[in-house]
Protein chains: 2
Amino acid sequence: MARAATTLDVFNAVAEPRRREILDVLGDGRERAVNEVVEAVGMPQPSVSKHLSVLLKVGVVTVTRNGPMRMYRLNGSNLKPVHDWAKTFERYWTHQLDQIKERAEQKMLHRRQDNNNQEEL
Amino acid sequence: MARAATTLDVFNAVAEPRRREILDVLGDGRERAVNEVVEAVGMPQPSVSKHLSVLLKVGVVTVTRNGPMRMYRLNGSNLKPVHDWAKTFERYWTHQLDQIKERAEQKMLHRRQDNNNQEEL
DNA sequence: TTGACATATTCCGATATAGGAATATTATCA
DNA sequence: TGATAATATTCCTATATCGGAATATGTCAA
């Protein structure tokens, strides 16, 4: 087999730096025409269209027709899974002391299995 | 050109479902031998080693030698960028009413430019 | 040194993109 | 209808993986 399909889930859609850039542009919640996005990010139009297409597929943006233009708008709620997952590890960068304490406690709890560890390179 | 290198940044490292699985296993902060991870996630050992290697490169995990074993431990703080970025859009899934209100206000503010919108497919 | 165990690495093949260029599509208007 | 603007969609190529299998590397113990 080969690499898994990416365009299908939010995590992969968002892994692309350029797509994150586009989302940042749409971050204020206002809808924008493709050309506006193109100007904002300085990428070729076909590229922007493709990325928007990916973002649309995963539901992170929505489209609306306005004459010949397509207005894209951020649908931020679909980014929640990413946030929720990352938040799982929040304690690693907040409450540093608590974290250290937790680790120490873990160590005590599992001392029997870990008592042969050496903790060095 | 081609697809951008992914293994180099946290967002891409984390985009892989299996890697997220591995991180979840290490989520309790305890260090684990590769084989323990292998058992926990039910993937072939070489696969786990490769994924751990990627996670190591982006600094999301750390290694320590313990005899013939390599103990991997989560370095969660390096996931902060992902959390921070996603948090930027937090208002989209919290304070739903505020959000609706915001949009309405946006619409009023930019009425001049948007007054020819039709809001339909 | 040999053996056993734990883990990493290499080789392979399949495939999913990303980008660029060119082109097709769609809508509006004169 | 024809022109023009706005976007989407191929087509094509280079390349970055992912997975699987086999193998190499490293460590300790007898």
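Proteins come first, then strands; the chains are lettered A, B, ... in the order of their sequence lines, and each starts at number 1.
Remark: B:Arg65 is not in phosphate contact with D:dG26, judged by side-chain N or O atoms under 4.0 Å from OP1 or OP2. Contact annotation: A:His51 does not reach the phosphate of C:dT17 (side-chain N/O to OP1 or OP2, under 4.0 Å).
When the C1' atom of D:dA8 is taken as reference, atom CG of A:Leu56 falls 12 Å away, rounded to whole Å. Atom pair A:Asn12:CG and C:dA16:C1' shows a separation of 11 Å (rounding to whole Å applied). Atom pair B:Met43:CE and D:dG20:P shows a separation of 8 Å (rounding to whole Å applied). In this structure, CZ of B:Phe11 is placed 19 Å from C1' of C:dA18, rounded to the nearest angstrom.
B:Val25 is linked by a side-chain contact (heavy atoms from CB on, under 4.5 Å) to B:Arg32, B:Ala40, B:Val41, counting only residues two or more places apart in sequence or in another chain. Remark: A:Lys80 pairs with A:Asp84 by the salt bridge (charged side-chain N to carboxylate O under 4.0 Å, His left out) rule, at least two apart or across chains. Under the rule for a side-chain contact (heavy atoms from CB on, under 4.5 Å), A:Thr88 has no partner lying at least two apart in sequence or in another chain. With sequence neighbours excluded, the residues that form a ring-ring contact (aromatic ring centres under 6.0 Å, His included) with B:Phe89 are B:Trp85. Residues that satisfy the salt bridge (charged side-chain N to carboxylate O under 4.0 Å, His left out) test with B:Glu90, not counting sequence neighbours, are B:Lys87. B:Pro68 is linked by a side-chain contact (heavy atoms from CB on, under 4.5 Å) to nothing, counting only residues two or more places apart in sequence or in another chain.
Taking the screw axis at each terminus of the helix from C:dT1-D:dA30 to C:dA30-D:dT1 from five consecutive base pairs, the angle between the two is 10° to within rounding of 10 degrees.
Taking 4.5 Å as the limit, every side-chain heavy atom of A:Asn75 sits out of range of all side-chain heavy atoms of A:Val60.
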Query raised in the report: For nucleotides 3-10 of chain C, read 5' to 3', which letter fits each nucleotide if B means a protein heavy atom sits under 4.0 Å from the base, S means only the sugar-phosphate is that close, and - means neither?
Result: ---SBBBB
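Applying the salt bridge (Lys or Arg N to Asp or Glu O under 4.0 Å) rule to pairs touching residues 41-56 of chain B yields nothing, sequence neighbours excluded.
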